[in-house]
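Notes to accompany the following structure.
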2 protein chains.
Amino acid sequence: MAGPPRKTKVPDSARAITADLVAVLVAVTDGEPKIMTIANAAALPSGPFEFKHRSLQSGLRAWVEAQTGHPLGYVEQLYTFADRGRTGDGPAPHSVSISYLGLTREDQLAERAEAHWSGWYDYFPWEDHRAGPPALLTKLLMPRLRAWAKSAPSPTLQRERWQRVAITFGFEDREWNEELILQRYELLFEAALIPEAVRESGNAATLVPGRAMTADHRRILATGIARLRAKIKYRPVVFELMPAEFTLLQLQRSVEALAGRLVHKQNFRRLMEQQQLVEETGAIATETVGRPAKLFRFRHAVLAERAVAGTKLPLSRT
Amino acid sequence: MAGPPRKTKVPDSARAITADLVAVLVAVTDGEPKIMTIANAAALPSGPFEFKHRSLQSGLRAWVEAQTGHPLGYVEQLYTFADRGRTGDGPAPHSVSISYLGLTREDQLAERAEAHWSGWYDYFPWEDHRAGPPALLTKLLMPRLRAWAKSAPSPTLQRERWQRVAITFGFEDREWNEELILQRYELLFEAALIPEAVRESGNAATLVPGRAMTADHRRILATGIARLRAKIKYRPVVFELMPAEFTLLQLQRSVEALAGRLVHKQNFRRLMEQQQLVEETGAIATETVGRPAKLFRFRHAVLAERAVAGTKLPLSRT
DNA sequence: TTAGCTTATGCTCAGGATAAGTATAAGCCA
DNA sequence: TGGCTTATACTTATCCTGAGCATAAGCTAA
């Protein structure tokens, strides 16, 4: 950025770089959030940047639809990663990765594809609070992060580190904030508790559970989850992950799957109805335990009626 | 994105592109929002991508600090633009623009620089609602957008167009939503009411007021403003734009400058105080009209204490 | 047949947040 | 001193939110 404004000519050879696209493709099946992975679940789908398509988005859409046989409902750009040394070691990789978030349905993956759907909590087991705070949070992460904080050179720095940890992880009676997933990942990375952070230096004994990924793909995934967890609260995007018809409980389970925490059932229904986000189809769910539920569909009309909000996560304490 | 996963080798020559950085640098002076411009206020500062620095952010910081002599408080990536033909005409420009939002203070710009500070409402005169909805909104934009809607091929499409217009511009008793600035710009662009949209095809008579910019810089600016208008509501970033000490009214005026609308004074103070975002310095403002106000400073401590919110824009109807 | 389990759905209630307004204080200047 | 301006304290009505109670409507096993 130390250069002159764009108009000035710079030899292209001096500026040539390469670019990749990386996609975080999300689906929710049976109340479990999934992401599309390749390379034996160790990488996000990615490919070289191509100018064939009119825009990055349309290129991504075409590619995903070919892979999954299902239209890609919602697409949004996430972040462009270009930091030196992000792939681990060595000199500056003259390359950027442009990442996207896409929402779709699992359904059938083309068989030929080497792609799979993996549960996203495999990669972030400490992020699933639907059954209360996971045991590994206090049993494993807390003591190791405390040790890391203690290892700071000065008492002041030690206190600062621990305060950062307590805020981002909700320790010491602080609230758990599901949107801080990226900050939590980066903190664990900084504390060298993540395989990706200690690639060659070994020391695997003190690492933290959770499946690793190649390069910085797990960071990109965390970025995508964070964006989605924030987005469902102010934009009605959950519906992109639902079948055409669904019960309110199924909808609620999807929201909970993404947020990683439970919501208050009655209040959730109240919100959906008073915002007129859904309408009854007239049909009733079959093959269920308990009283059969009415089926609903998303009211696409709201999008035209007003600038519409999402799901405000009516939280549940229990 | 139609290619194989990253591990497969692709000759670099086939993928080589170039990248630019574009910066939306914001300051607020005397209650007016400004952006840094070059090229006679017709372009945003931009330059070739360089890997000299550890990250894009640090490169941007260094560059801005050299230009303004003031540290760049807050930096955030905005968007990466890579759509074919975005610069207007011709074939695919094998180039991407990575844009950033930065918050700073105007102060002294290094004299040698060709950079200036321009009021951002020069580029979007319809976005300033601090003195009520601007006249040109109903006098000019409304009829032209209505004509554009009417020009759609079918009655259904005409209705859809007009509904879109009404929602994004707050016509017909709908609420004005200051965050929709990018959607408004894109609508005007689509309706060919923006000089950038009709580069060669002329027809300047029916255009809409507001200073144009080169390439897609005005779109990038709109993206930055939209992001900032959203951000001030949930993150305490306004303070990056303030001097070390300020009165609550000055703070309020800055928020209003960014949002383009007025807030309720008493409620604004209540929010600031009950969130403990500011603390009294003990000093009193001098050289003012009316009763002198206490001076406040930002409580940096809140950032460490908790995941902190911003300013919820206690709106004012008048 | 019915008790007991499950999920669906309707309704109430208290506390807190919000929008708006009233009232008073404290400077200055004509 | 009256009138103008801005600062600051308080009040009020309304809406939103979190939480819980109660009842409905299916099923299965005793």
Side-chain angles (χ1 to χ4, degrees), chain A residues 30-31 129-130 175-178 232-234 245-256 259 261-296 308-318, chain B residues 30-31 130 175-178 233-234 245-256 259 261-296 308-318:
Chain A
D30 297 330
H129 286 225
R130 287 176 293 177
E175 289 248 323
W176 172 258
N177 183 344
E178 72 281 354
I232 50 171
K233 292 178 193 162
Y234 63 94
E245 303 194 348
F246 47 82
T247 69
L248 288 181
L249 186 59
Q250 286 166 349
L251 181 62
Q252 179 184 343
R253 293 290 179 237
S254 292
V255 170
E256 292 172 337
R261 53 196 312 185
L262 300 179
V263 305
H264 187 280
K265 193 175 186 174
Q266 295 95 319
N267 291 346
F268 178 78
R269 312 175 107 259
R270 180 177 56 189
L271 272 181
M272 288 299 103
E273 283 171 5
Q274 81 183 16
Q275 290 195 118
Q276 299 181 279
L277 287 174
V278 294
E279 65 190 357
E280 301 182 11
T281 67
I284 301 281
T286 56
E287 307 191 30
T288 65
V289 210
R291 174 174 167 180
K294 292 179 191 162
L295 285 175
F296 290 80
V308 72
T311 305
K312 285 191 219 86
L313 280 214
L315 294 178
S316 208
R317 302 298 179 205
T318 48
Chain B
D30 297 328
R130 285 175 293 177
E175 289 249 322
W176 172 258
N177 182 345
E178 73 281 353
K233 292 177 192 162
Y234 63 93
E245 302 195 349
F246 47 83
T247 70
L248 288 181
L249 186 59
Q250 286 166 347
L251 181 62
Q252 179 184 344
R253 293 291 179 234
S254 292
V255 169
E256 291 173 338
R261 54 195 310 182
L262 300 179
V263 304
H264 187 283
K265 192 175 186 173
Q266 296 93 320
N267 292 345
F268 178 80
R269 316 176 103 256
R270 180 182 53 191
L271 273 181
M272 288 298 104
E273 284 170 1
Q274 81 184 15
Q275 289 195 117
Q276 298 182 279
L277 287 174
V278 294
E279 64 189 359
E280 300 181 14
T281 67
I284 301 281
T286 56
E287 309 189 29
T288 66
V289 211
R291 172 174 167 179
K294 292 178 191 163
L295 285 175
F296 290 80
V308 73
T311 305
K312 286 191 215 86
L313 282 214
L315 294 178
S316 211
R317 303 297 180 205
T318 47

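By convention in this document, chain letters (A, B, ...) are assigned in the order of the sequence lines, proteins followed by strands, and residues within each chain are numbered from 1. Side chains included, hydrogens not; waters and symmetry mates left out as well; all remaining heavy atoms used.
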With distance as the sole criterion, do the side chain of Q266(B) and the base of dT22(C) form a donor-acceptor contact below 3.5 Å? yes
Gap separating the CD atom of Q252(A) from the CG atom of L249(A), nearest 0.5 angstrom: 5.5 Å
Nearest 0.5 Å, please: how far is CG in L271(B) from CZ in R269(B)? 12.0 Å
Nearest-Å distance for atom pair CG/P, residues L271(B) and dA17(C): 10 Å
Between CD of Q274(A) and C1' of dT17(D) the distance, given in whole Å, is 10 Å
On DNA chain C, does the nearest nucleotide to P292(B) precede the nearest nucleotide to R253(A) from the 5' side, or the other way round? Give the residue. R253(A)
Whole Å only: how far is the CD atom of Q250(B) from the P atom of dT5(D)? 19 Å
OP1 or OP2 of dT9(C) versus the side-chain N and O atoms of K265(A): is any pair under 4.0 Å? no
CG of N267(A) versus C1' of dC13(C): gap in Å, rounded? 12 Å
Toward the 5' end of DNA chain D, which comes first, G290(B) or F296(B), by nearest nucleotide? G290(B)
Considering residues at least two apart in sequence or located in another chain, which fulfil the side-chain hydrogen bond (donor to acceptor under 3.5 Å, both in side chains) criterion with E273(B)? none
Could you work out which one of dT17(D), dT7(C), dA7(D) sits closest to the side chain of L249(A)? dT7(C)
Take atom CZ of R261(A) and atom C1' of dG18(D), then tell me their distance rounded to the nearest Å. 13 Å
Quickly, which of H264(B), M272(B), Q266(B), K265(B) forms a side-chain contact (heavy atoms from CB on, under 4.5 Å) with F268(B)? Name it, please. M272(B)
Roughly, in whole Å, what's the span from CG in L262(B) to P in dA20(C)? 12 Å
Just how far is it from atom CD1 of I284(A) to atom NZ of K294(A), taken to the nearest 0.5 Å? 7.0 Å
Counting only side-chain heavy atoms from C-beta out, which of dA20(C), dA8(C), dT8(D) sits nearest to H264(B)? dA20(C)
Using whole Å, report how far CG of L295(B) lies from P of dA7(D). 11 Å
Using only heavy-atom distances, decide whether a donor-acceptor pair under 3.5 angstrom links the side-chain of R270(A) to the base of dG18(D). yes
Once you round it to whole Å, what is the distance between P of dA7(D) and CG of L251(B)? 12 Å
Nearest to side-chain heavy atoms of R291(B), which nucleotide of dT6(D), dT9(C), dG27(C): dT6(D)
